[in-house]
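First comes the structure, then the notes that go with it.
Keep in mind that this is a model prediction, so the values were computed, not measured.
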Amino acid sequence: MSSPADHVNVESGTGSGHSDSLFAKIEAHADGQRAQDERLGHGRNLDSILRIPVLMQVVLGSATMPVANLMKLGRGAIVPLDHRVGEPVDVVVNGRVIARGEVVVVEDDNSRFGVSLTEIVGPAAADSNG
């Protein structure tokens, strides 16, 4: 991350100019490091990032069919999905699978579905899914 110019060569010097120059270089390096930390999300910038909305979707399954079959679909048609009943559903955030879970009925509102998470997908598995 640092360049050779960032490293300070400290040798025993006789003049006070070396000391002032050394401290100036250390201070400049510290200022640069603070600026880099802020760009990387340390401090107040992290709060801004944590407020960014993301789209979360629960995928029950998917199906592939030719356009001709798609155009024949009408009211009451049943499209078979690739997931079976009882299999975990994928929880997807911004196009990446982040977890898997079971579909449940929300206790406070019986007219709504929810997902009970059963598995959190690690970064390596999430990268291969999106």
Looking only at heavy atoms, the pair that brings Ser116 and Val104 closest together is CB-CG1, 3.9 Å
*asked:* Between Thr118 (side chain only) and Arg100 (backbone N and O only), is there a donor and an acceptor less than 3.5 Å apart?
replied: yes
| Is there a path from Val93 to Val89 through hydrophobic residues (I, L, V, M, F, W, Y) whose side chains come within less than 4.5 Å of each other? | yes
| Would you call Val121 and Ile98 a side-chain contact if the rule is heavy atoms closer than 4.5 Å? | no
One should read off an interatomic distance between Leu73 CG and Ile78 CD1, to the nearest 0.5 angstrom, of 11.0 Å
On a heavy-atom basis, the closest approach of His83 and Asp90 is CE1-OD2, 4.1 Å
Verify same cluster id: Val79, Val59 (apolar side-chain graph, 4.5 Å)
no
Notebook entry, point to check: According to a 4.5 Å side-chain heavy-atom criterion applied to Ile, Leu, Val, Met, Phe, Trp and Tyr, with indirect links allowed, do Val54 and Val58 form part of one hydrophobic cluster?
Noted result: yes
task = For atom CE of Met56, decide whether the heavy atoms of other residues, nucleotides or ligands shown that lie under 6.0 angstrom number more than 12.
result = no
Is there a path from Leu60 to Met65 through hydrophobic residues (I, L, V, M, F, W, Y) whose side chains come within less than 4.5 Å of each other?
no
So CD1 of Ile49 and CZ of Arg51: to nearest 0.5 Å the spacing works out to 10.5 Å
Here the pair of heavy atoms bringing Ala63 nearest to Pro80 is CB-O, 3.4 Å
Rounding to 0.5 Å, atoms CG (Asn110) and CZ (Arg112) come to a distance of 12.0 Å
All heavy atoms of Ala99 vs all of Leu117, minimum pair found to be CB-CD2, 4.0 Å
